[in-house]
Amino acid sequence: MLDMQRIRDNPEFIKKASENKKSPVDIDTIINLDNRRRDTIKEVERLKNLRNTRSQEIAVLRKEKKDATKVIAEMKEVSDRIKDLDGQQKEIEETLHEHLIRVPNIAHESTPHGESEKDNVVTATWEKPPSFDFKPKDHIELGIILDIIDFPRGAKIAGAGFPVLKNEGARLERALINFFLETHTRRHGYREIFPPFLVNRASLFGTGQLPKSEEQMYFIGEDGLFCIPTAEVPVTNLHRDEILDQAQLPIKYCAYSACFRREAGSYGRDTKGYLRVHQFNKVELVKMVLPSTSYDELELLRIDAEFILKALGLHYRVLTLCDADLSFAAAKCYDLEAWAPGEGSYLEVSSCSNFEDFQARRMNIRYRPANGDKPRFVHTLNGSGLATARILVALLETYQTANGTVHVPEVLHPWMQGLTEIGPR
RNA sequence: GGAGAGGUGCCUGAGCGGUUGAAAGGGGCGGUCUCGAAAACCGUUGAGCUGGGUUUCCGGCUCCCAGGGUUCGAAUCCCUGCCUCUCCGCCA
């Protein structure tokens, strides 16, 4: 959510920026509602002031056993008028709110301008794609040969898009999660959180998934709860409606969670295999920081996520998303894409975003400046570090051998009970 | 699932329907004292919105879990929801 003051001061700029982000908004209506709101407030506050002073007078008259019926009758009318105006104000504010929550975050000045995802900028690449003296298999084939991914049985027990990991595949998945968590907690100084996997509406509103993306989430109607699409939601909401001390910042959390996505509307894209599934595992990094440091923190966050890819020895590239491809709540975002030789394409395995105060406003997360000033909104950031589903794909396809086995990267050995190579059963 | 209790400021904890934004204590901050510290004493200590002067300034309105209702007036009365706690049942 943007600051109303900011919209009031730069309506044309906001209008242009929202168009650049491909989610235009009706700024004129918002400005108009804002004016009506403030006019109403002026009038209703004048009347309430009158009511308050007169009520005092009534109390005094009563105490002195004098007649107050005239003032009371007068105030009854004023009260009716107030009730009427209160209703109007509430209505205006609700309408204004409905508009405001749909205004996207404004892209940061360092975010490139573009028309579509084609205009994302390749900012960095790491190593070269591995070369093979044989035709590399894709992960689906490898999964079947090695008996580590079972698509048909997943479909049987849950549905399409719910593959089952088995044997060394299951163990590898667990090793990856452990490696991620250990790295970020011990090496990078994040505090570990194990969050609920179901959250309420308020939490999803706070991080920006609601109201825009409700159809993308699994909803348990009976309890009014949603399956989290990412640990970002519960973890960022930890400090909702709180005022933190400046000394506590920056707060750095990492959390493993399963992630649930309906992927409605994306049927036909990446339908095969393990690339787009309804449930996957992810270790998420979340930061709450001083506004003045958030862009430095974004670079550090990206470095922390990249460290994992480097340690796994995967070829990858970094994209800086252009404004048109930026998500609703983000001001700047880097996508990390790992190379999958079998697919012959890059797979998005992490998005590192700075939301500035956009989420903090929705969640009302503030900090008290060290000098004791009024509370200010924190800046929030998050990034995957990393998502296992696609990393597993990149891993299997990168480390496969001519005879169909897959080497286990050395950094995962501590969690593989001595297994260094996965072979056919 | 059944039966109770309760949700007040950073914390504990008062609060006959009418100067209660809120007693008291604790904590925090500032000061006095001290070479310094402790103790003691004094002072101070919420947020949002909206005006005006427009750097440290001065007003008004709102907020005692949330949303409704009663009333001239509600933290205080009534209803609904949410949350917490205790007991019973069930259970990983």
Side-chain angles (χ1 to χ4, degrees), chain A residues 1-9 30-101 194-206 210 219-226 234 237-249 251 258 357 359-378:
Chain A
M1 193 146 61
L2 296 183
D3 185 3
M4 188 58 225
Q5 188 69 46
R6 189 175 170 195
I7 298 176
R8 216 178 277 155
D9 293 342
I30 289 173
I31 297 284
N32 187 24
L33 284 164
D34 179 51
N35 287 332
R36 282 178 58 203
R37 168 171 179 269
R38 282 185 297 164
D39 288 344
T40 310
I41 284 173
K42 267 188 228 172
E43 175 63 4
V44 80
E45 286 193 352
R46 188 183 68 78
L47 292 172
K48 282 181 178 172
N49 183 230
L50 179 68
R51 181 178 69 183
N52 288 344
T53 49
R54 286 286 188 278
S55 289
Q56 285 307 317
E57 290 171 20
I58 291 170
V60 172
L61 289 174
R62 279 286 188 82
K63 197 170 280 178
E64 296 173 353
K65 306 272 197 237
K66 291 179 180 167
D67 178 50
T69 51
K70 195 178 163 196
V71 197
I72 288 177
E74 197 183 318
M75 283 308 102
K76 200 174 173 66
E77 278 181 42
V78 171
S79 273
D80 285 346
R81 178 71 183 139
I82 288 172
K83 192 176 270 185
D84 190 41
L85 284 173
D86 269 344
Q88 283 183 36
Q89 184 188 334
K90 195 180 169 199
E91 207 171 296
I92 292 169
E93 285 180 345
E94 277 170 4
T95 313
L96 179 59
H97 185 72
E98 280 305 304
H99 280 82
L100 277 180
I101 60 176
F194 206 119
F197 292 0
L198 301 183
V199 295
N200 56 32
R201 284 204 123 80
S203 296
L204 285 158
F205 173 80
L210 288 180
F219 177 55
I220 294 132
E222 186 152 10
D223 301 290
L225 296 170
F226 293 83
N237 274 279
L238 281 173
H239 295 295
R240 170 148 55 87
D241 292 318
E242 289 183 19
I243 300 176
L244 308 161
D245 287 328
Q246 178 170 339
Q248 291 176 260
L249 305 178
I251 290 174
D357 65 4
Q359 293 182 326
R361 269 175 204 290
R362 290 178 157 239
M363 274 176 286
N364 195 25
I365 305 178
R366 295 171 293 172
Y367 72 97
R368 169 96 49 199
N371 63 14
D373 273 358
K374 289 268 176 191
R376 299 179 59 195
F377 290 108
V378 299

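All of these numbers come straight from a predicted model, not from anything done at the bench. Residue numbers begin at 1 in each chain, while the letters A, B, ... track the order of the sequences.
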(request) Hunt down the Watson-Crick or G-U wobble partner of B:C87, both distances under 3.5 Å, from any strand shown, or write none. (result) B:G2

(message) With a 3.5 Å limit on both atom pairs, tell me what B:A39 is paired to, counting Watson-Crick and G-U wobble, or say none.
(response) none

(request) Could you give the distance separating B:C82 and B:C29 at their P atoms, to the nearest angstrom? (result) 41 Å

(message) When the C1' atoms of B:A3 and B:A22 are compared, how many Å lie between them, rounded to an integer?
(response) 35 Å

(request) Please determine, for B:C64, whether a Watson-Crick or G-U wobble partner exists with both distances under 3.5 Å, and give it or none. (result) none

(request) I would like to know whether A:R38 and A:D34 meet salt bridge (Lys or Arg N to Asp or Glu O under 4.0 Å); could you show each step before the answer? (result) CA-CA 6 Å; A:R38 282 185 297 164; A:D34 179 51; 3.4 Å; yes

(request) Nearest 0.5 Å please: distance from the CG atom of A:N52 over to the CD atom of A:Q56. (result) 8.0 Å

(message) Partner lookup for B:U44, please. Criteria are Watson-Crick or G-U wobble with both distances under 3.5 angstrom; report none if nothing qualifies.
(response) B:G28

(request) Report, as a single string ordered 5' to 3', how protein heavy atoms within less than 4.0 Å touch nucleotides 66-85 of chain B: B base, S sugar-phosphate only, - not at all. (result) --S-S-BS------------

(request) Using the P atom on both, measure B:G26 against B:U86 and round to a whole Å. (result) 29 Å

(message) If the threshold is 4.0 Å, N to carboxylate O, is there a salt bridge linking A:R81 and A:D84?
(response) yes

(message) Counting primed atoms plus P, OP1 and OP2 as sugar-phosphate and everything else as base, spell out the protein contacts along nucleotides 44-54 of chain B at 4.0 Å heavy-atom distance: B, S or - for each nucleotide, 5' to 3'.
(response) --SSSBSS---

(request) Not counting sequence neighbours, which residues clear side-chain hydrogen bond (donor to acceptor under 3.5 Å, both in side chains) with A:R201? List them please. (result) A:E214

(request) Report yes if at least one side-chain N or O of A:N49 is closer than 4.0 Å to OP1 or OP2 of B:G60; otherwise report no. (result) no

(request) For B:U76 and B:U8, measure between their P atoms and round to the nearest Å. (result) 14 Å

(request) Using the C1' atom on both, measure B:C33 against B:C85 and round to a whole Å. (result) 47 Å

(message) Between A:D86 and A:K90 (salt bridge meaning N to carboxylate O under 4.0 Å), is one present in this structure?
(response) no

(request) Would you mind telling me which of A:R362, A:R366, A:R361 makes a side-chain hydrogen bond (donor to acceptor under 3.5 Å, both in side chains) with A:N364? (result) A:R366

(request) Find the partner of B:A74: check Watson-Crick (N1-N3 plus N6-O4 or O6-N4) and G-U wobble (N1-O2, O6-N3) distances, both under 3.5 Å, and reply none if neither fits. (result) none

(request) Using the P atom as the reference point in each nucleotide, state the distance between B:U20 and B:G81 in Å, no decimals. (result) 35 Å

(message) Measuring to OP1 and OP2 of B:U62, would you say a side-chain N or O of A:N52 lies under 4.0 angstrom away?
(response) yes

(request) Show your reasoning for whether side-chain contact (heavy atoms from CB on, under 4.5 Å) applies to A:K83 and A:S79. (result) CA-CA 6 Å; A:K83 192 176 270 185; A:S79 273; over 6 Å; no

(request) Sticking with atom C1', work out how far B:G46 lies from B:G27, rounded to a whole angstrom. (result) 15 Å

(request) Tell me, yes or no, whether the heavy-atom count around A:R240 atom CZ, taken from other residues, nucleotides or ligands under 6.0 Å, exceeds 12. (result) yes

(request) May I ask you to say whether A:E45 pairs ionically with A:K48, meaning some side-chain N is under 4.0 Å from a carboxylate O? (result) no

(request) Name the pairing partner of B:G51, where a pair is Watson-Crick or G-U wobble with both distances under 3.5 Å, or state none. (result) B:C58

(message) Tell me whether A:D3 contacts the main-chain N or O of A:Q5 through its side chain, where contact means a donor paired with an acceptor under 3.5 Å.
(response) yes

(request) Write down the distance separating the P atoms in B:A40 and B:U55, rounded off to the nearest Å. (result) 44 Å

